[in-house]
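Each ligand, and each atom within it, is numbered from 1 in the order the structure gives.
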Amino acid sequence: MERTLVLVKPDAIQRGLIGTIMNRFERKGLKLIALKFMKLDDALINKHYAHLVDKPFFPFIKAFMTSAPVIASVWEGLDCIEIVRRIAGITNARQAETGTIRGDFGVSVQKNLIHASDGPEAAEEEIARFFQPDELQAYDLFMTAVLYSGDELGG
Ligand code: UDP
Ligand code: MG
């Protein structure tokens with residue numbers, strides 16, 4: 001099964017949207033395997049947003065992402081990296097489709113409520129960036145049997 005990293009960003013924390021956002025993934029049928037409420041530091045943000053360090057808006061990202069804690073979480077499911085990106089919506093919340101988290105709750109490019117890994121390589125790197133291996137919970141989620149067919153589960 002695939003795994004992906006989700007951050008509920010400081011704007012969502014301030015707006016009281018933690019439960020609403022996490023519920024989108026729960027109700028879809030994704031399995032929560034790690035969860036943390038944490039304040040990001042400079043080093044972590046520099047790494048996490050390394051692709052944006054040269055952009056003029058990078059200082060604003062840093063100020064925003066350190067303005068309150070974030071909820072970091074890891075979710076598991078078949079194709080869950082793409083599923084979570086689709087539930088999040090496109091980066092610019094003003095253009096994100098209604099029905100997505102960003103489309104339903106956001107009006108900003110930067111304050112767009114959520115981060116989601118954008119591919120398998122990023123997911124693996126980002127999960128390791130935010131969680132120690134022993135912080136990923138191994139357990140049987142009972143509803144897995146009704147969420148998937150036997151062949152999808154590999155036998
Ligand atoms: N961002 C921004 N201005 C931009 C592009 C991105 O402030 O023009 C912020 C925004 O919060 C975004 C984050 O930087 O979510 C990471 O950008 P990326 O292009 O990776 O978008 P994402 O993968 O989050 O959709
Ligand atoms: Mg990205």
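- Here the rule is side-chain contact (heavy atoms from CB on, under 4.5 Å) with M65, and of D42, V70, D11 only V70 fits it.
- Atom CZ of F105 and atom CG of L113 lie 8.0 Å apart (nearest 0.5 Å).
- Both tests pass for K36 against the ring of F131: distance under 6.0 Å to the centre and angle within 45° of the axis.
- Residue contact check for ligand 1: R85 places a non-hydrogen atom closer than 4.0 Å to it.
- Proximity of M65 to ligand 1 is not established, as no heavy-atom distance is less than 4.0 Å.
- When hydrogens are left out, the protein atom nearest atom 18 (P) of ligand 1 is H51 NE2, 3.8 Å; that is the closest non-hydrogen contact.
- Looking only at protein heavy atoms, the nearest one to atom 7 (O) of ligand 1 is Q110 NE2, 2.8 Å.
- Inter-residue side-chain proximity for T66 and D41 is flagged as unmet; no heavy-atom pair is nearer than 4.5 Å.
- In this structure, of N112, I61, I114, the residue bringing a heavy atom nearest to atom 12 (C) of ligand 1 is N112.
- Here I90 has no heavy atoms under 4.0 Å from ligand 1, in either its backbone or its side chain.
- Ligand 1 lies within reach of K9, whose nearest heavy atom is under 4.0 Å from it.
- Regarding atom 17 (O) of ligand 1, its nearest protein heavy-atom neighbour is L52 CD1, 3.4 Å.
- Taking CD1 of I61 as the start and CG of N46 as the end, the distance is 11.0 Å to the nearest 0.5 Å.
- With a 4.5 Å cut-off on side-chain heavy atoms, L35 and M22 count as touching.
- Contacts between K55 and ligand 1 below 4.0 angstrom, taking non-hydrogen atoms only, are absent altogether.
- Both tests pass for K31 against the ring of Y139: distance under 6.0 Å to the centre and angle within 45° of the axis.
- A heavy-atom distance below 4.5 Å is not found between the side chains of Y49 and K62.
- The nearest heavy-atom contact from the protein to atom 2 (C) of ligand 1 is F57 CE1, 3.4 Å.
- The shortest contact between atom 25 (O) of ligand 1 and any protein heavy atom is with T91 OG1, 2.5 Å.
- Looking only at heavy atoms of the protein, atom 10 (C) of ligand 1 is closest to V109 O, 3.4 Å.
- The residues D104 and R24 are annotated as salt-bridged, a charged nitrogen and a carboxylate oxygen being separated by less than 4.0 angstrom.
- For ligand 1, the polar-atom distance check finds an N/O of R102 within less than 3.5 Å of one of the ligand's N/O atoms.
- Using a 4.0 Å cut-off between heavy atoms, Y49 contacts ligand 1 through its side chain alone, with no backbone atom that close.
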